[in-house]
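Let me begin by presenting the structure, written as structure tokens, before commenting on it.
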Amino acid sequence: MIRTRSLASLGIALAGGVFLSAVTLSAQNSAAPNSPAQGSSSAAATAHHATLDRFCITCHRGPTPTAGLHLDTFDISNFETNGATWEKLARKLRNREMPPADMRRPDEATYKSLVEYIETGRDRLAEAKPNPGRPTLHRLNRTEYGNAVRDLLALEIDVADLLPADDIGYGFDNIGDVLQVSPVLLERYLSVARKISRTAVGDPTIPVSYQTYEVPHRLVQDDRLGEDAPVGSRGGTIVRHLFPVDGEYEISVSLARNRDDEYLGLQRERKVDLRLDDQRLQLFTIAANPKKVVLGGGTPPDAHMKIRVPVKAGTRELAATFLKDTLIKEGIIDRIRGDDVLTYFEGVGSITVAGPFNVQGSGNTVTRDRIFICHPSAAAEQEACANKILANLAHRAYRRPARPDDVTQLLALYKTGAQNGGFEPGVRLALQKILVSPDFLFRAEVDPSGAAPGTVYKVSDIELASRLSFFLWSSIPDDQLLAVAESGRLSDPSVLQGQVKRMLADPRSRALVKNFAGQWLYLRNIARISPDQTTFPNFDDNLRGALAKETELLIESQLREDRPVTDLLTTDYTFLNERLAEHYGIKGVYGSEFRRVKLEDPNRYGLLGQASILAVTSYPNRTAPTIRGKWVLEQLLGSPPPPPPPNVPSLKDDSTAQQMTMRQRMEQHRANPTCAACHRLMDPLGFALENFDGLGNWRVSTAPGSGPIDASGTTPDGTAFNGPAGLRDVLMKKQDMFVENFTERLMTYALGRGVEEYDYAALRKISREAAADNQKWSSIILGIVKSTPFRMRRASDGNF
């Protein structure tokens with residue numbers, strides 16, 4: 001993958017066994033005489049070679065040329081060989097990174113002419129000899145597996161509890177090269193398939209089990225949880241629990257305790273409302289007790305908060321909340337906010353569901369309706385019905401029409417299960433096989449019969465449907481998409497465009513926000529931040545959840561409204577609830593529900609003002625200008641700084657250093673020449689965000705009496721800026737870099753592989769066409785879907 005995007009364009013110049021395993025090929029073909037790669041006139045080639053001789057050859061010749069690039073022997077008329085070098089050269093020239101700013105440089109006309117020569121030559125080569133690459137065998141990642149089960153069986157499962165996290169490649173967890181299968185993971189898949197098939201079909205012999213849902217200790221329960229919570233409630237928790245069969249279940253609620261196992265808030269009587277699907281099961285009364293009550297010191301005050309009730313099978317909503325019997329907010333003892341000390345009741349600690357007891361049957365669930373599309377009325381009808389059920393499941397699970405041998409294998413397993421338990425156990429065993437089949441777990445694409453090695457061909461409509469659904473939904477195609485593909489109409493441009501628009505309007509496209517944006521912008525890291533409680537005593541899990549949701553809602557609104565992607569840098573609105581508005585110092589927002597709010601402070605505009613991003617680019621106890629600057633360079637501009645040299649010392653943190661501002665400490669760090677080379681690129685960008693503390697809260701100074709924060713910065717070429725608004729202006733002047741980086745990352749996510757040198761012609765075409773439509777989300781997404789890398793594939797050349 002080529003990542004040499006310009007830093008100079010920002011004013012920054014650099015000097016100097018059971019499953020198949022596969023690897024991706026990165027083939028480079030040698031140029032043949034008179035090939036399209038040599039399609040430029042010799043006169044043009046001579047002229048541009050003279051430009052390189054005049055401005056570049058000094059550094060790029062001899063035994064040790066800069067960056068290992070020998071321009072003295074470089075054939076400027078042949079675009080087919082050295083593709084990666086050509087793309088790197090074009091990008092450095094286009095973004096004015098080569099030659100370095102302190103050396104003699106071409107005028108603008110010469111720059112543009114040379115860049116146009118290179119890009120036109122490479123684009124003509126791509127048209128004459130398209131190379132879409134050859135993706136590896138692609139295992140479904142953990143998220144895709146969970147979504148596929150949801151859409152296949154109408155069954156929600158917590159994949160985080162069932163399967164390990166996936167490895168990351170090129171910034172994403174859906175990259176085929178790194179989605180390997182180990183014997184341990186295979187065992188997990190077998191175990192998960194048994195559990196899912198048993199739950200989906202329903203098993204009256206299922207043993208009693210216990211499931212506890214813990215409430216985060218730092219979740220403040222001083223108001224209504226959200227729109228899903230009962231009206232007039234306060235705090236508590238709401239969970240979705242899968243009841244596997246019809247039967248009796250014991251539901252118990254425990255109160256939260258502090259670190260000393262002391263129950264808090266017992267000074268007056270409280271009432272806990274336990275509900276199932278918003279229907280009250282029991283209203284528990286917690287008696288007042290002015291004495292200190294510790295776990296193990298007698299009968300717990302929550303010992304009576306337990307009930308056994310009959311429940312129908314299916315996924316249902318359980319809520320345990322307090323009645324809001326006072327207007328005074330409640331909270332944790334000795335919680336400090338500013339100069340105020342609040343006392344409050346910690347609330348519900350957990351809900352536990354035990355069961356089933358006295359099982360009454362498998363029940364009627366949406367999942368069973370999805371599976372049992374027929375019901376045999378006699379034993380003679382069972383095999384035919386099983387055949388119909390399994391053919392339907394295999395069709396949707398394998399994302400293609402079921403073949404006779406598919407159904408034959410599944411029917412054999414059905415017969416084995418039916419002999420031991422009857423019709424439904426037989427279906428359950430066959431379903432288990434489907435869920436561990438390579439046809440379900442992997443996205444495999446097969447070369448057409450008779451395809452010559454190395455030739456390029458369009459993927460089939462059925463393969464295209466899977467590519468499309470996993471790109472936009474992180475899941476399997478739905479019935480409509482599959483039907484269109486099987487009819488051979490999906491490859492029709494107008495039909496394909498219509499399906500893309502339909503899928504983007506579907507709620508399942510939220511996966512694009514959660515999975516693509518969540519990894520591109522590091523939003524997934526919010527779940528793992530652990531701010532220092534001394535430095536940030538007001539941090540709680542309410543704020544943690546709000547940070548992630550704000551940015552997700554912002555990006556989703558941009559996608560739904562089909563805004564230009566550059567609006568991500570400049571948008572003047574966001575989404576807030578009361579907790580987050582309080583954090584930002586914005587008045588007039590009340591309640592736990594999120595709503596769209598127009599921003600008055602330009603420093604909060606766009607991604608740079610999002611506390612989620614500012615928090616994940618900070619240390620637990622302080623800001624990190626270097627990390628923030630690196631994030632801007634890498635995630636927004638696609639211009640990662642050079643890797644740090646080994647054994648770089650960290651910032652000093654002694655008593656003297658603690659009296660210094662962050663800028664002073666970083667200047668001291670940059671005094672080391674080893675550190676200065678990289679930090680001069682990153683730190684100015686990070687300093688522009690220094691008014692935001694480690695949780696994204698605005699501040700004017702780092703400590704009382706320390707003086708105002710200096711948020712100014714200057715790029716190496718002398719461009720000055722100040723604060724978030726100034727930095728945003730710099731980025732908008734380089735918005736082409738932002739759009740190019742966004743498109744490249746989205747293509748990486750869509751393809752499930754890294755972008756290679758032969759993909760850049762397609763990226764340029766996408767950018768040109770999207771520019772005519774104001775760089776809207778839909779234009780970039782459609783451009784990717786219609787591109788050669790997405791629509792085509794290279795046949796095996798014998799090595800893979």
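Remember, it's a predicted structure, so these values are computed and weren't measured experimentally.
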Q) Are Lys324 and Asp223 within salt-bridge range, i.e. N to O under 4.0 Å? A) yes
Q.
For His241 and Tyr249: C-alpha separation, side-chain torsions, deciding distance, then whether ring-ring contact (aromatic ring centres under 6.0 Å, His included) applies.
A. CA-CA 11 Å; His241 181 78; Tyr249 295 85; 7.0 Å; no
Q: Inspect the surroundings of OH in Tyr573 and state if more than 12 heavy atoms from other residues, nucleotides or ligands are less than 6.0 Å away.
A: yes
Q.
For Arg275, is there an ion pair with Glu317 - N to carboxylate O distance below 4.0 angstrom?
A. no
(Q) Between Lys292 and Asp260 (salt bridge meaning N to carboxylate O under 4.0 Å), is one present in this structure? (A) no
Q) Is Glu561 salt-bridged to Arg596, cutoff N-O under 4.0 Å? A) yes
Q. Would you say the side chain of Asp729 lies within less than 4.5 Å of the side chain of Met732, judging by non-hydrogen atoms?
A. no
Q: For the pair Phe594 and Phe575, evaluate ring-ring contact (aromatic ring centres under 6.0 Å, His included) and give the outcome as yes or no after the intermediate values.
A: CA-CA 6 Å; Phe594 278 79; Phe575 292 82; 8.1 Å; no
Q) Under a 4.5 Å cut-off applied to non-hydrogen side-chain atoms, are Asn147 and Trp473 in contact? A) no
Q.
Rounded to the nearest 0.5 Å, what separates atom CD1 in Ile157 from atom CG in Leu163?
A. 7.0 Å
Q: Please determine if Lys598 and Glu600 form a salt bridge, counting it only when a charged side-chain N lies under 4.0 Å from a carboxylate O.
A: no
Q) Are the charged groups of Glu552 and Lys549 less than 4.0 angstrom apart, N to O? A) no
Q) Can you tell which of Leu242, Thr199, Leu153 makes a side chain to side chain contact (heavy atoms under 4.5 Å, CB included) with Thr367? A) Leu153
Q: Could you go through the side chain to side chain contact (heavy atoms under 4.5 Å, CB included) check for Val366 and Thr315 one step at a time?
A: CA-CA 9 Å; Val366 176; Thr315 300; over 6 Å; no
